[in-house]
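FYI, the numbering just counts along the sequence from 1. Note that the structure is predicted; figures quoted are calculated from it, not measured.
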Amino acid sequence: MENISLFLIIAFVIGISIGVIFTATIFLGFKKKSYREAKQILEDAKKNVQDKIKNAQIEAKEILYRSRSDFEKEIKERRQDILSLEKRLIQREENLERKVDILEKKESNVQTREREIADKEKNIRVHSNELLNLIQEEKCKLQSISGMNSEQAKRLLLERMKDEAQQEASLIIKRIENEAKENAEKNAKEIISLAIQRCAADHTAGATVTVVNLSNDDMKGRIIGREGRNIRALEELTGVELIIDDTPGSVTLSSFDPVRREVARISLECLMADGRIHPGRIEDVVEKVKKEVDNTICEEGERAIFEVGVHNLHPELVKLIGRLKYRTSYGQNVLQHSKETTFLMGVLASELKADFSLARRIGILHDIGKALDHNTEGTHANIGADIARKYGESAEVAQAIESHHEEIEPKGLYAALVQAADAISASRPGARRETVEAYLKRIKKLEEIANVFKGVQNTFAIHAGREIRVIVIPEKISDADVFILAKDIRKKIEAELGYPGQIKVVVIRELRAVEIAK
């Protein structure tokens, strides 16, 4: 038993020893491995640090190189600027030196001229004294020869001049009386014709007035609107005066411009058919109708050139021909007159064996300037010739147009033909009325006078030219400036326009605020 116990103790001690040895061996192996790993990490860290130091040194060298390059470039540019400034300064110094030389030369010339002028003045004073002495001597000699002093000679001279003036005055009076007798018959005929024309009320009314029929008289109140807003908006947008009186079932549109009356008529009919009549709706309808009227003008031009058989006209010329439908000359419709002239030109050219197509082309274009002559300076013949040249018509066509009223010398057969055809169309009975033409020119001149003022947006002549309504831009004309503008327009009308009676000037300033809810 003791041996077994001893053996167990020895075995236990040996086992413990082996365990201790094994544990120590394992610990030492792990320690060596950790040491190697730490050493490897340290070496890797040193290597990374060295790489970073090298990269930092390289980047620093690159930055230093770029900075040095930029610095050298900037220095070079500044040197170039300094050189250019030096060149400019040198040039300026040279210019100044040249100018100084020129000024010195001029100064010497001026001094030389001053001396010459002073010498001449001395000579003039000497000669003037001599002349005065000679004049005095001549006076004394004349008085001794004539036996009269200066006062008596003056009276005699005045009496002779008075007799001569009386004789000349009597001759002038006699000539004026003879001219008055010669022109008396002509003036009497003009006065009688003007009186007859003024009695032709239906024709005059048809040229300046359009009547719009209403479905019922209640529509008049809707056209006027609350406090007159609707009628005022319609008049301002179209430039036409609306006359609403006791006449049942109708409203009268009055304006010298037939295009405006047509726009107003169509707009009013559209508004009545739609039923919505208010300022915003009126503005939309008027803008739409203006575009429709422009399209109608183009269609009228195309229809006219088709009727007369003229082709290959520029589209702008066709549009201007269409505008002639709304123009009158001495009461005669210009488009109808142009077509009559075209047909006459064709007949005359055929009789004379001339170019039929060219003759008709000149005929339809001869009054084309009347489509623009109220907006452009110059006579309608000159304007028409310029338009024809602008849109590619031949020199022969332009020359015939420009000379058909003999403002330049007519050249060639077609210039004579267009004069004859124009006169035949215009001189037929009832074709023209001169009073309407003079009236239209006065109305247009009245609107042009007001439109030249700064801040004026639009001007409309109403009441047969007895009133103008001037619409101004509210951003440019203040309330205080409105009164000054009205006074200035009144003074300009009085100075530049001849007219019967009185003309009322109304300046309207309206500010609108419009927002659209979406």
Other residues, nucleotides, ligands: >12 heavy atoms within 6.0 Å of E227 CD: no
Might you point out which heavy atoms bring [X] and [Y] nearest each other, and give the distance in Å?
X    : Y    : answer
R276 : R281 : O-CG, 3.2 Å
G384 : I368 : CA-CG2, 3.6 Å
A388 : I401 : CB-CD1, 4.0 Å
I387 : G369 : CD1-CA, 4.5 Å
A371 : L320 : CB-O, 3.7 Å
N230 : G225 : ND2-CA, 3.3 Å

All salt bridge (Lys or Arg N to Asp or Glu O under 4.0 Å) counterparts of R260, not counting sequence neighbours: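 D257, E447.
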Donor-acceptor pair, distance only, cut-off 3.5 Å: does the side chain of [X] make one with the backbone of [Y]?
X    : Y    : answer
R509 : I477 : yes
R261 : L253 : no
D422 : T341 : no
E283 : L237 : no
Q419 : A400 : no
Y414 : D355 : yes

Show which side-chain atoms of residues 66-76 pair as donor or acceptor with protein atoms under 3.5 Å away, not counting sequence neighbours.
from, atom 1, to, atom 2, distance (Å)
S67, OG, I63, O, 2.9
S69, OG, Y65, O, 3.0
E74, OE2, R78, NH2, 2.8

Listed partners of [X] passing side-chain hydrogen bond (donor to acceptor under 3.5 Å, both in side chains), at least two apart:
X    : value
K339 : E307
N382 : T379
T459 : N451

Atom pair [atom1] ([X]) and [atom2] ([Y]), whose distance is rounded to the nearest 0.5 Å:
X    : Y    : atom1 : atom2 : value
H311 : R361 : NE2   : CZ    : 10.0 Å
E402 : K411 : CD    : NZ    : 10.0 Å
S108 : K106 : OG    : NZ    : 11.0 Å
L268 : L242 : CG    : CG    : 6.0 Å
D367 : T342 : CG    : OG1   : 9.5 Å
K454 : D488 : NZ    : CG    : 14.0 Å

Sub-6.0 Å ring centroid separation between H366 and H405: no
CA sep, side-chain torsions, deciding dist, call: H404, H380, side-chain contact (heavy atoms from CB on, under 4.5 Å): CA-CA 10 Å; H404 79 276; H380 76 274; 3.4 Å; yes
Are [X] and [Y] close enough that some pair of their side-chain heavy atoms sits under 4.5 Å apart?
X    : Y    : result
M272 : I223 : yes
K288 : D284 : no
R442 : K445 : no
M219 : I277 : yes
Q399 : E396 : no
L313 : E393 : yes
F343 : R360 : yes
L485 : V505 : no

Member of I471, I468, V240 meeting the side-chain contact (heavy atoms from CB on, under 4.5 Å) criterion with F460: I471
Which pairs would a plain distance check flag for residues 291-301, meaning a side-chain donor or acceptor within less than 3.5 Å of a matching protein atom at least two apart in sequence or in another chain?
from, atom 1, to, atom 2, distance (Å)
N295, ND2, K291, O, 3.4
T296, OG1, E292, O, 2.9
E300, OE1, R303, NH1, 3.2
E300, OE2, R303, NH1, 2.7
E300, OE2, K325, NZ, 3.2

Donor + acceptor pair across side chains of Q91, N95 (<3.5 Å):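 No - no donor-acceptor pair under 3.5 Å links their side chains.
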Salt bridge check, [Y] against [X]: does any charged N sit closer than 4.0 Å to a carboxylate O?
X    : Y    : result
K390 : E316 : no
E467 : R469 : yes
D386 : R389 : yes

Steps toward side-chain contact (heavy atoms from CB on, under 4.5 Å) verdict (R232, I508): CA-CA 11 Å; R232 189 164 58 249; I508 300 172; 5.5 Å; no
L324/S338 under side-chain contact (heavy atoms from CB on, under 4.5 Å): CA gap, chis, key distance, verdict: CA-CA 9 Å; L324 294 178; S338 297; 3.9 Å; yes
Criterion salt bridge (charged side-chain N to carboxylate O under 4.0 Å, His left out) on E43 and K47, from CA distance to verdict: CA-CA 6 Å; E43 288 177 356; K47 188 176 181 180; over 6 Å; no
